[in-house]
Trainee: 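Would you mind keeping the following structure in view while I ask a few things?
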Amino acid sequence: METESEPYVRLATLRQLHQVMADMNTARSLADTLQTVADGVVNGLGYELACVNLVRPDGDLVVAAFAGNPAAEALITGRVGSRESWERRLSMGQHWGDLVFIPHTEGWILDDDDVPQWYTDGPAPRFEDEWHPSDRLFAPMYTPGVQGGACGELIGVLSVDRPRNGRLPGAWGREALQMYAFQAAIAISNARLRANMQRALVRLEREQQALRASEESFRQAFEYAPSGMAIAEMGGDQHGRILRTNDALCRLLGRPASAMRRYSFSDLVHPEDIGTLLRTSAEGGRAELRLGRRDGSYVWVSLRNSVVADAADGPRFLLTHVEDIEERKRRELQLAHRASHDSLTGLPNSAELRARLAARLCRRPTHAGALESMDAAYGHPAVFDANGHGFDFPGVAALEAYDHHVHTVSPDEAEPDDGTKGLAVLFCDLDGFKSINDRFGHNAGDAVLIEVARRLTRQVRDGDTVARLGGDEFVILADGLGRADAQDLAVRLRSEIIQPIRAEGRAVRVGASFGIGWAHCGMTADEVLKSADERMYVEKRSRPKQHRRAG
């Protein structure tokens, strides 16, 4: 651009300047924009060399674009000058508005700083306004939208050299370069914004792809998991309602997915396990309980919960993992049954019998003097548990603990006709069993014991206990009986036992002796059994030997 006829400027020059600005604002990328800025200085403003120094995130300035000399471009593009050196340059020399001109008479002190430079050769100036090869002209570029330029944030510096007409720029040339630097700052800022948006879009697309991949992975892991999975609502009126189930859970419960969405786990759980479900913590909770199948049966499962929360603190869901533990539970129940039941007859064993009996009894002194001494020691009525341990509760608490226990009484301690009923303990010992073992072998003896157990069980009520104490001894616990009721029961049981029994292909007979004891609070389980055992032996000795068994 020629400046010798200022303020007259040819229309072609303005058109050329307008075109380079248009090109600067339509570049596709930040790199293209920077190069277009440098080219515009050469093509539109009439300088032979132009360099774009861009501020990096660390504050230093890098040569991001160069125009006018390929050799110089190859030498200094990409090189970095420190922010300190640039601030020194922009603070010295002559200030033409926002432009900084450092004449050759002052610039020699900059020859050794770290700002990348290209030295041009040429003759010394012959007149006052002629350009010297060592003159420097800088156009700082500030963030747009700030009036006065210098008050904005520096984003780069345009460095220009050797006007084509060989003269220092006049008023029009200076204004044009300052205006161009202002527009270049806008173009660079917009290009950066576009680049950041493009990077953000790329990141967003990658994140969305990763999210879709993650969702697909979760869907496949959920749908094809070998154990049951369910997603349920968390919180609100529909808390616990099942939203989604996988095939494994539908197969386990025999219910289609469409039907599962009508339920919550509280609708499916066994009535006895509803408390276990409610006590299970929603966040990381775990429980073992029974869920109902479509056919009305129940299956043991391990149920484990975890919370799935939206990243934006949106709806929270409950992810429930349901594992079939029916086989393990069956083995556990079998082991527990074996530990508490006789392996031959399947009846409760001695340990289980004592546990059931002890659960009905509380230990308390029965002698009036003992009660008085305990009352004096505790300051309230003395209360004891089944193991004989005292409850040292103050005042009303002790009375409440005492009152909440249903005390077991003995009809033997009551008047004959007052109708008192209690917990009868019938001790049964088989008569003539040893001779069967001796004559026919233990297999025959085992068959007799199994059949006796079956007959005893058949003759008692639901809720009564028939236990094998050991050998040929059995015990029956029957609650709510009076003395006459207990005696009638013993007669029925004896009549049932003496019927012929098939063992090892032959009919054999055994008799039975019964002792009736009564359990009441203040006794231990062993004391109750000993009492019934002693009465059994009294009954056995009271009958003639030939009447103790039949055949």
Trainee: Determine whether T465 and R356 satisfy the following criterion, side-chain hydrogen bond (donor to acceptor under 3.5 Å, both in side chains), listing intermediate values before the conclusion.
Mentor: CA-CA 9 Å; T465 295; R356 294 186 186 185; 3.1 Å; yes

Trainee: Looking at CZ of R331 and CZ of R338, how far apart are the two atoms once the value is rounded to the nearest 0.5 Å?
Mentor: 11.0 Å

Trainee: Does any non-hydrogen side-chain atom of L90 lie less than 4.5 Å from one of V157?
Mentor: yes

Trainee: Ignoring hydrogens, what is the shortest heavy-atom contact between S82 and D114? Give both atom names and the distance.
Mentor: OG-OD2, 3.0 Å

Trainee: Assess whether side-chain contact (heavy atoms from CB on, under 4.5 Å) is satisfied between Q35 and D32, documenting all intermediate values.
Mentor: CA-CA 5 Å; Q35 190 58 52; D32 290 344; 5.8 Å; no

Trainee: Looking only at non-hydrogen atoms, find the nearest pair between L45 and A176 and report the distance.
Mentor: CD2-CB, 4.1 Å

Trainee: So, taking the atom named CD in E106 and the one named OG in S134, what distance separates them when rounded to the nearest 0.5 Å?
Mentor: 13.0 Å

Trainee: Check the pair M92, L110 against side-chain contact (heavy atoms from CB on, under 4.5 Å), reporting the backbone distance first and the verdict last.
Mentor: CA-CA 11 Å; M92 60 185 295; L110 303 176; 3.8 Å; yes

Trainee: I need the S159 OG to W118 CH2 distance, nearest 0.5 Å.
Mentor: 13.5 Å

Trainee: Tell me the closest heavy-atom pair linking A185 and M141, and the distance in Å.
Mentor: CB-CB, 3.9 Å

Trainee: Mark yes or no for whether Y298, through its side chain, and V269, through its backbone, hold a donor-acceptor pair below 3.5 Å.
Mentor: no

Trainee: Can any side-chain N or O of D267 pair as donor or acceptor with the backbone N or O of S264 at less than 3.5 Å?
Mentor: yes

Trainee: Do D324 and W300 touch side chain to side chain, with heavy atoms closer than 4.5 Å?
Mentor: no

Trainee: Identify the heavy atoms of A191 and S29 that sit nearest to each other, and give their distance.
Mentor: CB-O, 4.4 Å

Trainee: According to the side-chain hydrogen bond (donor to acceptor under 3.5 Å, both in side chains) rule, which pairs have a member within residues 64-77, sequence neighbours left out?
Mentor: none

Trainee: Below 4.0 angstrom, N of the basic side chain to O of the carboxylate: do R88 and E84 qualify?
Mentor: no

Trainee: Between L99 and P140, what is the shortest heavy-atom contact and its length?
Mentor: CA-CD, 4.4 Å

Trainee: Under the side-chain hydrogen bond (donor to acceptor under 3.5 Å, both in side chains) rule, what pairs show up with a residue in residues 198-208, not counting sequence neighbours?
Mentor: N196-R199, E205-Q209, E205-R212

Trainee: Run the side-chain contact (heavy atoms from CB on, under 4.5 Å) check on L278 and I274 step by step: do they pass?
Mentor: CA-CA 6 Å; L278 295 177; I274 188 68; 4.3 Å; yes

Trainee: In sequence, state the C-alpha distance, the side-chain angles, and the governing distance for D39 and T36, and then conclude on side-chain hydrogen bond (donor to acceptor under 3.5 Å, both in side chains).
Mentor: CA-CA 5 Å; D39 292 340; T36 304; 5.5 Å; no

Trainee: Are the side chains of L137 and V100 in touch, meaning some heavy atoms are under 4.5 Å apart?
Mentor: no

Trainee: Do L303 and H321 come close enough that some side-chain heavy atom pair is under 4.5 Å?
Mentor: no

Trainee: When rounded to the nearest 0.5 angstrom, what distance separates CG in L177 from CZ in F101?
Mentor: 12.5 Å

Trainee: Is the shortest side-chain heavy-atom distance between V307 and L319 below 4.5 Å?
Mentor: no

Trainee: When you measure from the side chain of N53 to the backbone N and O of L61, does any donor-acceptor pair fall under 3.5 Å?
Mentor: no

Trainee: Is the shortest side-chain N to carboxylate O distance from D58 to R83 below 4.0 Å?
Mentor: no

Trainee: Any carboxylate oxygen within less than 4.0 angstrom of a Lys/Arg side-chain nitrogen, looking at E332 and K329?
Mentor: yes

Trainee: Do the side-chain N and O atoms of T320 and N305 include a donor-acceptor pair separated by under 3.5 angstrom?
Mentor: yes

Trainee: Considering only NZ, NE, NH1 and NH2 on the basic side and carboxylate oxygens on the acidic side, decide whether R290 and D273 come within less than 4.0 Å.
Mentor: yes

Trainee: State which residues pass salt bridge (Lys or Arg N to Asp or Glu O under 4.0 Å) with D112; sequence neighbours excluded, sorted by chain then number.
Mentor: none

Trainee: Taking the side chain as C-beta and beyond, is there a heavy-atom pair between I188 and L34 under 4.5 Å?
Mentor: yes

Trainee: Would you call E288-R304 a salt bridge at under 4.0 Å N-O?
Mentor: no

Trainee: Would you compute the distance between atom CG of L158 and atom SG of C51 and round it to the nearest 0.5 angstrom?
Mentor: 8.5 Å

Trainee: What side-chain donor-acceptor pairs closer than 3.5 Å can you find for residues 242-252, not counting sequence neighbours?
Mentor:
from	atom 1	to	atom 2	distance (Å)
R244	NH2	E223	OE2	3.2
N246	OD1	M229	N	2.9
N246	OD1	L249	N	3.1
N246	ND2	F222	O	3.0
N246	ND2	S227	O	3.1

Trainee: By ring pair (Phe, Tyr, Trp, His ring centres under 6.0 Å), which residues pair with H341, not counting sequence neighbours?
Mentor: H337

Trainee: Could you tell me if the side chain of P103 sits less than 4.5 Å from the side chain of Q94, heavy atoms only?
Mentor: yes

Trainee: Find the distance between CH2 (W131) and CD (E48) and round it off to the nearest 0.5 Å.
Mentor: 10.5 Å

Trainee: If you look at every heavy atom in I155 and S189, which pair is closest and at what distance?
Mentor: CD1-OG, 3.8 Å

Trainee: State plainly whether the residues R167 and E130 are in salt-bridge range, i.e. N to O under 4.0 Å.
Mentor: no

Trainee: Would you please classify the geometry between the W86 ring and the F138 ring as parallel, tilted or perpendicular, with 30° and 60° separating the classes?
Mentor: perpendicular

Trainee: If you draw a 6.0 Å radius around CZ in F218, do more than 12 non-hydrogen atoms from other residues or ligands fall strictly inside?
Mentor: yes

Trainee: Report yes if some heavy atom in the side chain of F66 is under 4.5 Å from a heavy atom in the side chain of I76; otherwise report no.
Mentor: yes

Trainee: Would you list the atom pairs, donor with acceptor, under 3.5 Å between side chains in residues 253-262 and any protein atom, with sequence neighbours excluded?
Mentor:
from	atom 1	to	atom 2	distance (Å)
R255	NE	G292	O	3.4
R255	NH2	G292	O	3.2
R255	NH2	R293	O	3.1

Trainee: Would you say that more than 12 heavy atoms from the other residues, nucleotides or ligands in this model lie under 6.0 Å from the CZ of R294, or not?
Mentor: no

Trainee: Please check: side-chain N/O of E233 versus main-chain N/O of R241, any donor-acceptor pairing under 3.5 Å?
Mentor: no

Trainee: Decide yes or no on salt bridge (charged side-chain N to carboxylate O under 4.0 Å, His left out) for R136 and D161, but give the supporting numbers first.
Mentor: CA-CA 7 Å; R136 294 175 174 86; D161 193 13; over 6 Å; no

Trainee: Cut-off 3.5 Å, side chains only: do R89 and S85 have a donor facing an acceptor?
Mentor: no

Trainee: Quick one: do L54 and R192 satisfy side-chain contact (heavy atoms from CB on, under 4.5 Å)? Show the steps, please.
Mentor: CA-CA 12 Å; L54 193 64; R192 275 181 165 173; 3.5 Å; yes

Trainee: Using a 3.5 Å distance criterion without hydrogens, assess whether the side chain of D129 forms a donor-acceptor pair with backbone atoms of L168.
Mentor: no

